Amino acid sequence: MAGFFSLNVLQTALEVGLIYGLVALALFISFSILNIADLSTDGCFTLGCAVGAMLTIAGHPILALFAAMAAGVLSGYVTAFLQTRLGVESILAGIIVNTALYTINLAVMGFSSNVSIFGRDTVFTLTRGLLGDSPTSRILVLAALLAVVCILLIRFFGTTLGLSIRATGDSPDMVSASSINPKLTITVGLCLSNSLTALSGCLIGQYNKTCDINLGTGMVTIALASLIIGEVFAGKKGGVARRVFCVVLGSIVYRFIIAIALRLNISTEYFKLVSAVIVAVAIATPRVRERAKLERIKSMSRRMRAERKEGAADA
Amino acid sequence: MLEVQRISKTFNAGTVNEKKAIQNLSLTLRDGEFATIVGSNGAGKSTLFNAIAGTFYVDQGSVTLNGADITFLPEHKRSSSIGHLFQDPLKGTAPHMTIEENLAVAYLRTARRGSLFSRVTKKDRELFREKLRELDMGLEDRMKTPVGLLSGGQRQALTLLMATMVTPELLLLDEHTAALDPVTAEKVLELTKRVVSEGKLSCLMITHNMQQALSLGTRTIMMDGGRIVLDLSGDARKGMTVPDLLEQFAAKSGQKFDNDRILLSTIEEQE
């Protein structure tokens, strides 16, 4: 293993896996819990990066994290407003917001498609002084941040509001007969989800010391791939706590898969195709398996019928 | 007290599928009154319930509950004071959440209104356990089990518990035992009787079982064509038999009773 991977590659995979783990958690909230495919993820990720980059350049790397999250909340609110108040299909609402965000993101970046934050203080350079050696300190900072986010999420999903959000995605019929306002729960859920996506974008910006307008392209598929890997780890009966941690684990595993691919000299251009295939296969598997089972039963009954006919002919 | 005054509801108005589901219907249910509702297919029974529960707003008329006009109150605001059970046991619970979580959703929202961040306390858990024990289905030891793994009867009993844990001002039961097997249905019905009488609940119950319609509660209402055609209580109800009821129906509506399920269940009982 150590011969196959340099330590550096493993560390990078872990770091990036933790950062993208936030997007996977965001998708966990919107896709797994609320049962809504939120396609504004790509744009929201770039939004977080752009807002964060501008504030980091201005010399406020910590404030940048919170500003990015606030921007994410706003973006999530617009998506939720379109679907809960104006009756836009949830998928279409995401696409509309995603398209709008392209212009917004350009505007945030001062109508330039690329912004560099080289030489500025980031959360990673700030903590370096505190914890010493850079890759280890980065991992520590990110792991601590992810742990806090996970614990807060798990706590939140045990509160009245959190439970109501889970019920909204799980049983729409029950919600309408309980005193839960689905408009409120969907809005809160999407705001929360998008704030995590934007936070992730902000961290990636500070990590790479750059922000690009196309940074978020395909992010929703990558995050879904991580989410699906994570749900496999969690199993079917896992509680919320287990599922949340497994989603982050899924994101890290996904990065390790990418690291292996890199080591095998697969060109980076293939990654999005590979992610898409992972997601398609993972989502299609139960259906294909069912189909295969049905075919088996069919052929078996055909065979039995043929045998019976033969038996009758013999007699 | 529930007061439904001259409500009407038409679906798909102005199209070939126009359906006058409720026409100028009025109904008053006193506090603690338990009324059963029977009627043929498409008589407007469920529509009446949905109008009271707020699934849609009525075209005309008003709905008042304990003095408060709720005609245009959104469904989720009404449901803190109105419990609503459906025929489909899958509708009332969230399958991927545990028994405890389902109860918490129902309980915390109504018992501690306004506090969005309250959590299940040890005391709440004790209360849940105690209430579950009363169901006598062994659910008190399975609080961490996802509800999706329970049987239909267990889910319906749980739904009933969720709807009545914080005493509602009105309980609407829409054939809530019809999809259960006879033994379980009987059990859920016994439970219903107990919960209603213990809580002195005001309750409306739709049923297709004519015998039940006469024996349960204190009042029998018969609907047809979006109207109430017969409303029996007191002595007039006491002397009623199922054939009497069918005869009355034919006389009032000018046609034979055509709820196939009712007729089947009537035949079963006669055998």
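So you know, we letter chains A, B, ... as the sequences are listed, proteins then strands, and number each from 1. Everything numeric in this text was worked out from a predicted model, so none of it was measured.
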Might you point out which heavy atoms bring [X] and [Y] nearest each other, and give the distance in Å?
| X | Y | result |
| --- | --- | --- |
| M174(A) | T93(B) | SD-C, 3.6 Å |
| S171(A) | K91(B) | OG-O, 3.8 Å |
| H76(B) | I180(A) | CB-O, 3.1 Å |

Flag yes if more than 12 heavy atoms outside [X] fall under 6.0 Å of its [atom1] atom; otherwise flag no.
| X | atom1 | value |
| --- | --- | --- |
| F156(A) | CZ | yes |
| R291(A) | CZ | no |
| F34(B) | CZ | yes |
| R133(B) | CZ | yes |
| E198(B) | CD | yes |

Of the backbone (N, CA, C, O) and the side chain (C-beta and beyond), which part of L90(B) lies under 4.5 Å from a heavy atom of chain A, both, or neither?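 The backbone, not the side chain.
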Taken to the nearest 0.5 Å, the spacing of R119(B) CZ from F157(A) CZ works out to 12.0 Å
H96(B) versus R166(A): any side-chain heavy-atom pair under 4.5 Å?
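Contact flag for H96(B)/R166(A) side chains = no.
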- Query: Do you know which of K144(B), E101(B), H84(B) has the most heavy-atom pairs with chain A at a distance under 4.5 angstrom?
  - Reply: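 Option with the greatest count: E101(B).
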